[in-house]
Amino acid sequence: MASHSDTLVVFFGATAGANGGKLGSDEREIILLVWQIVDLHEKKVGKLQRRLVKPDSLELTDQSKEETGLSVEELYKAEPLDKVLQQFQQSVSAELKALGRSSYTLCVDGPLIIRQALHPEVSKKNLVLPECFYSFVDVRKEFHKCCPNAGQVQDLTLPSMLEYVCIPELPLSEQVMGLKEVRCMVQLSLHILAEPYNHKFSCFEAVKYKLESGACSKTEPVDSETVIRARGLPWQSSDQDIARFFKGLNIAKGGVALCLNAQGRRNGEALVRFINQEHRDLALERHKHHMGSRYIEVYKATGEEFLKIAGGTSNEVAQFLSKENQVIIRMRGLPFTASPQDVLTFLGADSPVTDASDGLLFVKYPDGRPTGDAFVLFSCEEYALNALKKHKQILGKRYIELFRSTAAEAQQVLNRYMSTPLISTLPSSSMVPMPVLATPPYLATGSTRDCVRLRGLPYTAAIEDILEFMGEHTIDIKPHGVHMVLNQQGRPSGDAFIQMRSADRAFMVAQKCHKKMMKDRYVEVFQCSTEEMSFVLMGGTLNRSGLSPPPCKLPCLAPPAYAAFPSPAMLSEAALYQPPLLATPRTPQPPHSPHPTPTLAYYPPQHHPAQLYMNMNMNYTAYYPSPPVSPSTMSYFASPPGSVALAAQQPHAQGHVASPMMPQHGALVRMQGLPYNAGVKDILSFFQGYQLQPDAVLLLYNFSGQRSGEALITFPSEESARRAVAERANHPLSGLPVRLLVCCD
């Protein structure tokens, strides 16, 4: 639009759910649009237009029915949003032409209808929004500028503003929702345009068309009142997906920082920085709105947290990221010998890199060794899409992963590798005084074999790979029950431990997943106990024949509740507690969260005269959140020096421990005393009438590969399992009585 001074289009909307100050907070669709033109020069008004909008979901809340006076039957006959927006454009264009005007600006009572309702809905429905909806004036801010003594902007309402300038209220016959608000805004606008105010509308607000990329320096001041943390994001979501989720709100340049886990992969969280507090507060209203089928949690965060993720200090990185309006692609798995020319040749002529080799940034360790990661700049979306088509193609003898990235993610990866190592390397001395964790901080030791050990994992395996490997059994994993073992260099050792809900579940996983393939390797799966897991984490070995203790098995001197040993006086705390060996807690969830989650508390090391030493063969473990809990209460920032993260469950009012685990699907029955030649069909015939599927039967084998005479049967419910045990226990199968037991969790 050439100018903003010709005409105002006073605009109002209502949704099928919350309206007024909560408009758009519940994701309900728009069902009503009303508008009227005001000629700013001639002080004339056009025809009042009112359109009903047919939502995809024909459901109205009781509050919406009462406020709007609309029914489902009326909305069923209405046009969908895209058609109504076309009618809006045609109607306004025709009236402008009749008035001899060339441009117009929307005028609204508060930004919610534009920022929180219209833009998000249009974005979800993949509609094209007319250009006029990217700029508007807020009648409240204009009135506050004209009459500053009327009160704060956030406290102003249409009735209070009309009362302040002595405009009488509309008669009851005209108080239909939408029509009433538009007439009041028109009256108010004309009043402040006239004597003695002679106001000119000038506080134009803009909605950004797209997210602007950019780098952030660690020295840059970031206002904590502009930052939020989004949790529960899909693993594959990009900064553009996050910007789309917050469509209508203005994100600062380079203001999306995707958080990475300990292995450099996205962990489902992001820190987002907005241009001001008003937009941040509107973002908080989108708590538990949906991105696809997932709901996203939105909480306050701090500027310090944002800088920790997105801030950088390297001049080389700053120069690389200083090129604006570039699409960033991350390459992972490059051969260590790959040169810039090799990468350019791999990408090909259909995806030219900006400034050739200057558009490549290889990620290296502090000693200059390549990590196999690189970031690439492309000047347009087309070139980037061509590059992404080469995902998992071969360079040398390795397949290369390509995916979208951001300046903040690039900065985060480079910070970890080039400034502070991802996991600190231990001192080189063979015997070094170190604080010891007798068990991982929030694991209870025991002899119950409710854990499984995964051995032979690919070194590139991440948490999502393990969960995919576990398949249907992921639902039986305890919260925070996935533990990947790292070697003394802080790199994956190929081992992991999984805590299951019961020994029977662990046994079933070991039987079903043993020697199952992950990527191009088969993985061994053994049942074990928490105590055996602790031995391995202290440097011992675990095999089928039993335990080999750690080279230096140490007594537990620390109180069990603290699980940390005192630090020797001869070393500094910073040397003893090297950062990111232990995970630190996220920002606690607000008290209104309906699902209590485990919280973490810090306990400083206790000074004790005993000196403990740890052999260099001691293992380390990286702790991961385990689904289906979302989000996890753990984060991967370095812990404060001299502190250990301990988990404490929040009790319910009745004194029981709150568990965020998902409900159990089905119930298990163990069959004992089966004939060795009994197969799945025999067992299904035995339970005829219980509607079992073949995949509900698991025959168990011993270590020699022979059938053990036992089987596990999954019933659809505990009730049906107990009924089967009561009715079929000790009945014969091929002449042998079969014992049945319901497996207890």
Inset, instruction - Determine, step by step, whether Leu377 and Asp355 satisfy the side chain to side chain contact (heavy atoms under 4.5 Å, CB included) criterion, reporting the C-alpha distance in whole Å, the side-chain angles of both residues, the deciding distance to 0.1 Å, and the verdict. - result: CA-CA 9 Å; Leu377 297 179; Asp355 297 335; over 6 Å; no
Legend entry - Of all pairs that satisfy salt bridge (charged side-chain N to carboxylate O under 4.0 Å, His left out), the ones with a partner from residues 74-90, not counting sequence neighbours: none
Inset, instruction - Not counting sequence neighbours, which residues clear side chain to side chain donor-acceptor pair (under 3.5 Å) with Ser238? List them please. - result: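 Partners of Ser238 under the side chain to side chain donor-acceptor pair (under 3.5 Å) test: Asp241.
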Check: [X] side chain, [Y] main-chain N or O, donor-acceptor pair, under 3.5 Å:
X: His279; Y: Asn250; answer: yes
X: Arg266; Y: Leu258; answer: no
X: Thr302; Y: Ser224; answer: no

Inset, instruction - Find the distance between CG (Leu23) and CD1 (Ile113) and round it off to the nearest 0.5 Å. - result: 5.0 Å
Inset, instruction - List the steps and the verdict of side chain to side chain donor-acceptor pair (under 3.5 Å) for Ser64 and Thr61. - result: CA-CA 5 Å; Ser64 179; Thr61 64; 4.6 Å; no
Legend entry - Whether Tyr299 and His287 hold their rings parallel, tilted or perpendicular, with breakpoints at 30° and 60°: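 Plane angle between 30° and 60°, so tilted.
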Inset, instruction - Quick one: sort the Phe88 and Trp35 rings into parallel, tilted or perpendicular, breaks at 30° and 60°. - result: perpendicular
Legend entry - Distance-only donor-acceptor check, side chains Gln154 and Arg140, under 3.5 Å: no
Legend entry - Salt bridge Arg115-Glu278, side-chain N to carboxylate O under 4.0 Å: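 Between Glu278 and Arg115 there is no salt bridge, as every charged N stays at least 4.0 Å from the carboxylate O atoms.
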Inset, instruction - State plainly whether the residues Glu285 and Lys22 are in salt-bridge range, i.e. N to O under 4.0 Å. - result: yes
Of the non-hydrogen atoms in [X] and [Y], which two are nearest, and what is the gap between them?
X: Ala18; Y: Ser25; result: CB-OG, 4.2 Å
X: Met185; Y: Cys107; result: SD-O, 4.4 Å
X: Ala150; Y: Leu156; result: O-CD2, 3.8 Å
X: Ala387; Y: Phe378; result: CB-CZ, 3.6 Å

Inset, instruction - Could you tell me which residues satisfy salt bridge (charged side-chain N to carboxylate O under 4.0 Å, His left out) with Arg404, sequence neighbours excluded, listed by chain and number? - result: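 Partners of Arg404 by the salt bridge (charged side-chain N to carboxylate O under 4.0 Å, His left out) criterion, ordered by chain and then number, come out as Glu381.
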Would [X] and [Y] count as a close aromatic pair, with their ring centres under 6.0 Å?
X: Phe246; Y: Phe274; result: yes
X: Tyr134; Y: His119; result: yes
X: Phe403; Y: His391; result: no

Legend entry - side chain to side chain donor-acceptor pair (under 3.5 Å) partner of Glu27, the single match among Gln116, Lys124, Arg286: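 Answer to the side chain to side chain donor-acceptor pair (under 3.5 Å) test with Glu27 among Gln116, Lys124, Arg286: Lys124.
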Inset, instruction - Step through the shown structure and confirm whether more than 12 heavy atoms of other residues, nucleotides or ligands are within 6.0 Å of CD on Glu163. - result: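 Incorrect, the count does not exceed 12.
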Legend entry - From CA spacing to verdict: side chain to side chain donor-acceptor pair (under 3.5 Å), Thr406, Glu409: CA-CA 5 Å; Thr406 67; Glu409 183 178 26; 4.6 Å; no
Inset, instruction - Under the side chain to side chain donor-acceptor pair (under 3.5 Å) rule, what do Gln86 and Gln90 come out as? Steps first, then yes or no, please. - result: CA-CA 6 Å; Gln86 288 179 10; Gln90 293 167 359; 4.9 Å; no
